[in-house]
Q: 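So that we are looking at the same thing, I have put the structure below in structure tokens.
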Number of protein chains: 2
Amino acid sequence: MELSRWSEALRTARAGSVTADATVRDAAWVARCVGRGTNAPLAPADVAALAATLQPVDLAAGAPLFGASTGSDPGVWIIRSGHVELSVASGRNRVVVGVLRPGDVEGDIPLLLGLALPYAARAVDAVTCLHLRPADFEELLARHPAIARRWLSSVAQRLAASHERLIALLGRPLPAQLAGLLLDEADGDPDGGGVVRLPQRTLAAMLGVARPSLNKILKDFERHGHVEVGYSAVRLIDIAALQRIRSA
Amino acid sequence: MELSRWSEALRTARAGSVTADATVRDAAWVARCVGRGTNAPLAPADVAALAATLQPVDLAAGAPLFGASTGSDPGVWIIRSGHVELSVASGRNRVVVGVLRPGDVEGDIPLLLGLALPYAARAVDAVTCLHLRPADFEELLARHPAIARRWLSSVAQRLAASHERLIALLGRPLPAQLAGLLLDEADGDPDGGGVVRLPQRTLAAMLGVARPSLNKILKDFERHGHVEVGYSAVRLIDIAALQRIRSA
DNA sequence: CCGATGGTGTCACCTCGCTGACAGTCCCCG
DNA sequence: CGGGGACTGTCAGCGAGGTGACACCATCGG
């Protein structure tokens, strides 16, 4: 059925530069559906309780979790400590489309849809996580109705959030789209304004826009003091101004 | 939080022609998330069994189900017979964004997200349906783990399908976008090729595109014998050709 | 049966963003 | 501590699609 494009990225591994951007785009959007923060299906207390039941997995920096090299291992991953990098092969280079942090839950939605994730995951530093094989996941849902109920809300909220972000992009001027994207994707950072740690190429792909066009707007924002453009990173300075531009 | 735009349509009832299109657009996309066919959370057998437990509701043609006049009645609606029209007020006219058919399930996702639907529903002909108030819905999920489990898959699939359709639109030439939209939204009709029963204005809004631009491409399709353009309806003639254009 | 309402078909003008290319800069790996 | 691969910054030319307006035609309620 039509859902198949969720994993088109992995299947169509051609290196053509046109499809490469499509691959990055799909993966980047799917990566926004990770269970995180208030949208995570499991509360920290749940995770602690489950750690006793389900075997934790320890990984050294650089070890792969799923995708490509591991032969695409289905199941749900729950990060307890460390960071995991989500990347997609595009041509002969790797583009990072997201990073998992402690508390994040990944893999449930592809499991529910019966599809593979369009990206590969690799431990950045030492990582501790829980891995639920599909059978474990089913048992978890069957034995803990309260968790199942929260998981339902979590899935709905995560998909709806991404859905809504996409709708908000349709048919708006590029500056408004970009401001919205930056605000949505900003990492809540220690020091005030957030940071978006993605290369301009990925940002452009997410908006379905050419990189030069995006760069122009970005530098424009920088000239007006709204953001600070760095290497593979954009720091948001004037949140209010960006919000104004978003809804212009 | 940002999910609020799901219902922005109803709240911001300004009649400005710019926002009117945004309203139509949002509503039309949300309407694609109705539980239908293989994505419905309930099998026909489930519905029959529940009919004994939960009070059915009968409505005459023209009666409102939810939205506007009923003061936005939350809950889940399950259509057993008849047709229900989903429409949104845009300026001082009503635009239909979708139609519910027997077996369709509507209202669960807004309930999970805690938001109102952005459109109003009205019975087109005599309608029989089941209405679950929020408490009924919770009880249904709590007492029938198997149904809860299927509901989880259903929600994931419906949102992912809409999500995926949106991604497929980004940055593609208009003809490809339109072909994709027509193929996705076509009503499986008795006689061979499907029909899309939406005014061009709604189609244009869904693509975030101006109506003249859409009309141009549509007439182009008609000239090539791919579709037949009617009043508030487009009949698909050459499915294969449209599929070719979609992935051009 | 008729008028109001809204849907469709089309145009000329103009803006926005794409194409494709090239130079400079930053990182990481060896 | 280099060197190659990515990433950023920028440009000129061009084409797709937006704007706003207008004429004509279905539909429906009275």
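Protein chains get the first letters and strands the later ones, always in sequence-line order, with residue 1 at the start of each.
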Q: Would a 4.5 Å heavy-atom cut-off, applied to side chains only, mark B/Leu159 and B/Ser162 as touching?
A: no
Q: So, B/Gln177 side chain and B/Arg172 main chain: donor-acceptor pair closer than 3.5 Å or not?
A: yes
Q: Rounded to the nearest Å, what distance is computed from the CD atom of residue A/Glu222 to the C1' atom of nucleotide D/dT10?
A: 14 Å
Q: Is the distance from OP1 or OP2 of D/dG9 to the nearest side-chain N or O of A/Gln200 less than 4.0 Å?
A: yes
Q: Less than 3.5 Å apart, any donor N or O on the side chain of A/Asp238 or A/His226 sitting next to an acceptor on the other?
A: no
Q: Figure out the CZ/C1' separation between A/Arg201 and D/dA6, and round it to whole Å.
A: 9 Å
Q: Is there a donor-acceptor pair closer than 3.5 Å between any side-chain N or O of B/Arg158 and the backbone N or O of B/Cys33?
A: yes
Q: I need the CZ-P distance between A/Phe221 and D/dT8, as an integer number of Å.
A: 16 Å
Q: Indicate yes or no for a side-chain donor-acceptor contact from B/Trp77 to the backbone of B/Val105 under 3.5 Å, with no hydrogens or angles considered.
A: no
Q: To the nearest angstrom, how far is A/Asn215 atom CG from C/dA21 atom P?
A: 18 Å
Q: Is there a side-chain contact between B/Val84 and B/Arg101 in this structure, where contact means two heavy atoms from C-beta onward sitting under 4.5 Å apart?
A: no
Q: Going 5' to 3' through nucleotides 15-30 of chain D, assign each nucleotide B (protein heavy atom under 4.0 Å from a base atom), S (under 4.0 Å only from sugar-phosphate atoms) or - (no protein heavy atom that close).
A: --SSBB-----BS---
